[in-house]
Amino acid sequence: MSTSLSGPEPATQAPGREPVRSGLPRTSRDARNHAPITATGLIVKVVLLGLVAGIAIWAAFPLVEAGMWIGLAILAVTTAGLFYLYLTRRHIPAKYLVPGTLFLIAFQVFPVLYTASTAFTNFGDGHRGSKDDAIVAIQTSSVKQVPGSTEYALSIATKGDPTTGPLVFLVTDPKTGEVSAGDAGGLRKLDAAEVTVSPTGKVTAANGYTILNFGQASGRSPEITNLVVPTPGGALRSNGLSRAYEGKAVRAYDAGCDCVKDSETGKTWTADEATGSFVAADGERLAQGWKVNVGVQNFSRVLTDPDISGPFFGTLVWNFAFAIGSTGLTFLLGMAIALALHSPRMKGTNLYRVLLILPYAMPSFAMLLVWRDMFNSDFGLVNSLFGLHVDWFGEAWSARSAVLLVQLWLGYPYMFLVATGALQAIPRELTEATSVDGASPWQSFKSVTLPLLLVALSPLLIASFAYNFNNINAIWLTTEGGPFAPDNPTNGATDLLITYTYRLAFGAQGAEFGMAATVSIFIFAIVATVSAISFSRTRRQEDVYS
Amino acid sequence: MRIRTAGVVAVLGLALAASGCGSSDSDKPAAQESAKPAGATGKLVIWADDKRTAALKPFAEQFGKDNGVTVEVQAVSKDLQTNFVTASQQGSGPDVVVGAHDWIGNLVQNGAIDPVQLAAEQKSGFNETAIKAVTFNGQVYGVPYATENVALIRNTALAPEAPKTIEDLVAAGKKLKADKKASEILCLQSGQNGDAYHVYPLYTSGGGYLFGTTANGDYDPKDLGVGKPESIAAFQKIAKLGEKGEGALKRSITGENSIATFTSKKCAFLVSGPWAIADAKKANISYDISPVPGFAGGKEAQPFVGVQAFYVAAKGKNKALAQEFVTNYVTKPELAVALYQAEPRPPALTAAFDQVKGTDPDLAKFSEAGKNGQVLPAIPAMAAIWDPFGKAEAAIIGGADPAKTITAAGKTIAGQIK
């Protein structure tokens with residue numbers, strides 16, 4: 001036997017089954033600690049850990065800037081932990097498990113938790129930020145120019161250093177040419193002799209003041225925006241860097257009554273913490289709301305709203321039919337071609353294989369759009385090529401067959417590829433043995449090849465099913481869920497649950513992320529159940545054939 | 001063995017890179033750009049779509065040079081509005097954004113833009129409709145630079161006379177079809193799910209409306225016109241043009257093929273906007289532009305008028321500079337002319353319009369076609385209209401009962417308006 005391969009292990013072990021990681025935990029603790037340190041290994045380790053450190057530092061700055069100390073702590077602990085793990089010679093299993101675990105947390109656990117937490121909120125357009133954000137937005141958007149007030153020419157100035165000194169507005173009244181200096185304390189007139197005014201009315205120099213140029217001023221933009229010079233009629237505000245106007249915030253928030261008051265009409269809108277918006281007595285809501293926790297409201301809406309739950313069952317049935325149909329048809333066609341090309345009598349298999357892979361090599365995004373146009377009833381290639389007059393996307397069943405046909409074309413090369421691989425792993429002796437025993441090719445395929453193929457391909461079929469169950473592109477880029485019954489524009493004949501909910505969550509008055517998250521949890525539950533059942537069945541099947 | 005270790009370490013490296021990105025919350029490309037503080041020099045970040053970015057760049061750079069600030073124009077080629085709202089929520093948005101006026105309702109409810117204060121003489125320099133379009137809840141939220149609306153573009157070789165009514169148009173189109181000079185009567189895009197924007201002139205001519213108006217002229221979301229008897233009457237007229245009627249409106253004519261069908265001379269009439277002109281010129285079609293005709297004896301056909309505008313981001317880092325740029329620089333005709341040259345839509349600034357209309361007669365014709373148009377509603381409720389309205393249109397063109405279909409659409413829309 002091939003003793004040369006087996007190293008320190010007993011030579012009795014069958015070749016190919018010896019442990020490959022002879023330097024790893026198999027051997028004694030001593031042997032592990034004395035495993036040779038290779039130059040390549042060391043360089044790779046140094047480079048990668050250096051990269052880790054670099055990324056951590058790069059990520060730390062924005063965290064510090066935003067004051068996200070918890071995030072920073074997590075970053076520091078993770079980085080330190082990684083350094084410890086890969087610099088020590090212990091914890092060998094963790095060295096293998098940690099990268100995958102980090103992936104899992106970053107790309108699976110975190111998004112799932114975030115989605116789940118969003119499902120309990122009203123997060124969406126009009127309810128994106130905090131209550132404070134909404135109040136600021138309401139007040140700023142109500143600032144109106146005081147009717148009949150003057151538009152001043154503005155220069156930004158300071159009495160001290162251009163970058164830090166207190167800001168002063170130097171404003172020129174266009175009618176009188178009078179120059180005043182204004183800050184938070186109010187306006188006071190400046191002597192005409194002390195200032196130089198350009199023909200456009202802007203102050204270009206003033207005694208005791210440094211005039212900021214645009215570059216300097218724009219560096220202090222937030223301070224300029226926030227500087228409000230009180231005047232009898234309202235307040236002088238900057239509009240850009242060269243004009244000032246007398247404006248007044250018509251609406252203001254009053255913490256005492258937790259409401260927004262309009263000083264012109266006297267109307268008040270009281271905060272409603274249940275819906276995250278300011279509501280007036282007559283039911284009028286202010287557009288700017290905030291994000292609040294709405295409990296299980298989204299979940300109960302999915303279950304009880306007849307517009308949502310009504311077409312749910314029909315959509316679910318078609319959704320299963322679509323996913324099973326897409327997976328099953330592509331598998332059958334892919335496997336049939338793989339079998340044909342696997343036959344030893346077939347010539348030129350490589351050329352065929354290259355040609356068959358082509359649909360797989362093209363971007364499906366573009367291909368779906370091309371197929372959509374090919375199914376156009378008047379100008380499409382399909383109808384003109386076959387002389388048909390089928391309104392493909394206009395009738396329910398023709399639209400369903402059309403999307404399945406497109407799916408078949410897009411998906412069979414993948415099935416062909418994996419089936420070819422799996423076929424090559426099935427020893428020819430097995431099929432030869434059945435033919436010696438007098439089995440027909442069909443019997444041999446049915447009892448030997450197909451079960452062995454399925455053992456290898458079942459997980460892939462389940463994955464393909466789960467993917468197609470949520471294949472939003474295949475529907476959205478071709479039929480957009482249509483055709484729709486004339487009396488129901490919310491649910492079409494080819495709608496999957498995902499396209500249906502996409503329309504629900506984003507088709508109405510702005511995006512409703514909370515609602516979308518809720519429905520995706522429902523979809524997740526369905527797909528997870530189906531996958532779990534299929535996987536447990538596969539395992540039983542594997543037990544039989546292995 | 002050594003290779004295996006290297007592989008594992010490489011995977012680890014990737015994992016770390018990924019987790020590093022995840023925890024820094026800066027996976028948006030724009031986040032890095034504007035995360036840097038505006039600093040002593042001052043920096044202005046503008047977001048626009050691809051075409052406008054190219055036109056804006058030279059002017060933005062000039063503005064930067066003149067004023068000693070850095071101006072960056074970033075192209076956001078897809079979903080500009082959504083990206084802007086999301087980014088501004090995270091504090092990584094731009095200072096100025098360029099987009100359509102019907103975004104205003106959504107941008108305001110998300111607190112993403114601030115009103116702009118235009119002086120009276122600045123306001124009077126603009127086309128009146130354009131200022132009306134950017135006014136929302138009594139405040140001006142953007143500085144308009146171009147208007148757009150659909151018109152009837154006809155191939156003068158096939159149809160020398162501009163039709164006065166839709167009936168004339170159908171008769172002319174049918175004759176061309178019978179003579180085998182064209183294969184379609186009219187290219188008005190619908191597709192399987194309809195197109196509310198393009199069918200709107202016919203809808204108004206039939207007497208339909210979307211929203212009533214309040215006392216101060218704003219659209220009123222509580223007065224929904226879809227599903228009302230007027231809208232049913234309008235769609236009964238539209239149904240007569242559909243596949244089971246005259247065959248002038250067809251679901252097979254989509255946004256992708258309508259202009260191409262016109263330029264390949266398969267139909268003599270196209271309902272489209274200024275964006276179709278470049279293709280018509282390229283195909284050497286002799287064309288003319290006239291208002292979309294209405295039904296004989298019906299009301300006037302009113303297209304939607306849309307306006308492209310500059311907005312000041314509420315959460316921008318450099319609001320003072322952004323206001324300066326938008327109110328004092330965008331209001332100059334030079335920029336409007338440059339943007340017109342990048343894409344020929346009629347400038348909203350009267351001075352700029354007068355400057356270019358001499359060299360481009362099409363502009364005046366489009367402007368004429370949009371003269372009686374209706375400003376595309378900017379209220380958030382409008383978002384609920386598009387999809388159900390379009391689908392009802394498609395179903396009716398395909399032969400569904402107008403009364404039943406449009407009533408259902410009205411119910412759906414009313415259910416979605418909060």
Side-chain angles (χ1 to χ4, degrees), chain A residues 23 38 40-41 44-45 48 51-52 55-56 59 62-63 71 74-75 82 99 102-103 106 125-126 128-129 133 137 140-141 145 151 163 213-215 218-219 221 224-225 238-242 245 287-288 307 373 376-379 393-394 480 482-484 486-490 507-510, chain B residues 1-2 5-6 9 11-13 15-20 22-24 26 35 38-42 67-69 89 106 108-111 114-115 117 119 139 192-193 252 256-257 318-321 323-324 327-328 380-381 383-384 387-388 391-392 395 398 400 404-405 408-409 412 416-418:
Chain A
T38 61
T40 330
V44 168
K45 201 183 242 184
L48 288 175
L51 218 70
V52 169
I55 290 165
L63 286 175
I74 294 173
L75 181 72
L82 283 170
L102 282 181
F103 260 130
D125 276 336
R128 283 176 183 259
D133 287 343
T140 342
S141 64
Q145 207 159 331
E151 278 265 349
T163 53
N213 63 28
F214 273 16
S218 67
S221 173
I224 295 171
T225 314
S238 66
N239 179 28
L241 299 171
S242 50
Y245 68 101
Q288 299 94 335
D307 286 342
D373 290 346
N376 187 305
S377 57
D378 282 335
F379 310 101
F393 290 159
E480 287 182 48
F484 293 82
D487 54 355
N488 184 2
T490 55
Q509 192 174 330
Chain B
M1 154 78 207
R2 234 177 277 164
T5 318
V9 179
V11 170
L12 159 86
L16 289 180
S19 61
S23 57
S24 71
S26 60
T41 50
N67 298 304
V69 293
Q89 191 62 40
N106 190 37
V108 169
Q109 72 172 347
N110 286 315
D114 272 355
Q117 308 291 343
Q139 291 275 46
Q192 292 293 347
N193 293 321
S252 59
E256 288 76 28
N257 64 28
N318 210 336
K319 238 152 82 170
L321 190 59
Q323 286 168 346
E324 180 68 30
T327 56
N328 294 338
D387 190 65
K391 279 169 184 159
K404 208 173 113 197
T405 311
T412 307
Q416 284 174 347
I417 295 174
K418 285 186 249 179

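Predicted model only: the values in this text are computed from it and were never measured.
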Subject >> Pairing residues for B/Ala320 by the side chain to side chain contact (heavy atoms under 4.5 Å, CB included) criterion, not counting sequence neighbours >> reply: A/Ser221, A/Ile224, A/Thr225, A/Leu241
Subject >> With B/Thr327 via side chain to side chain contact (heavy atoms under 4.5 Å, CB included) - residues at least two apart >> reply: A/Asn239, A/Arg243, B/Val116, B/Leu118
Original post:
Any sub-3.5 Å donor-acceptor pair from B/Glu324's side-chain atoms to A/Gly240's backbone N or O?
Top reply: no
**OP:** Please flag which part of A/Asp133 lies under 4.5 Å from any non-hydrogen atom of chain B: side chain, backbone, both or neither.
**Re:** side chain
Original post:
Given the options B/Pro115, B/Ala392, B/Gly111, which has more heavy-atom pairs under 4.5 Å with chain A than any of the others?
Top reply: B/Pro115
Subject >> Proximity breakdown for A/Phe393 and chain B, heavy-atom pairs closer than 4.5 Å >> reply: both
Subject >> Best-contacting candidate, B/Gln192, B/Glu256, B/Gln323, B/Gln117, against chain A by heavy atom pairs under 4.5 angstrom >> reply: B/Gln117
Subject >> Nearest atoms (heavy-atom pairs only) where B/Ala409 meets A/Pro489 >> reply: CA-CG, 4.3 Å
Subject >> Contacting moiety of A/Gln145, where chain B heavy atoms sit under 4.5 Å >> reply: both
**OP:** Could you tell me the separation between the OG1 atom of A/Thr140 and the CG atom of B/Asp114, rounded to the nearest 0.5 Å?
**Re:** 5.5 Å
Original post:
Can you tell which of A/Ser141, A/Pro483, A/Gly482, A/Ala137 has the highest number of heavy-atom pairs within less than 4.5 Å of chain B?
Top reply: A/Ser141
**OP:** Measure across A/Ser218 and B/Leu321 and return the closest heavy-atom pair with its distance rounded to 0.1 Å.
**Re:** CB-CD2, 3.6 Å
Original post:
Where is the tightest heavy-atom contact between B/Ser252 and A/Ser377, given as atom of each residue plus distance?
Top reply: CB-OG, 3.5 Å
Original post:
Which residue out of B/Val108, B/Asn193, B/Asn106, B/Asn328 racks up the most heavy-atom pairs below 4.5 Å with chain A?
Top reply: B/Asn193
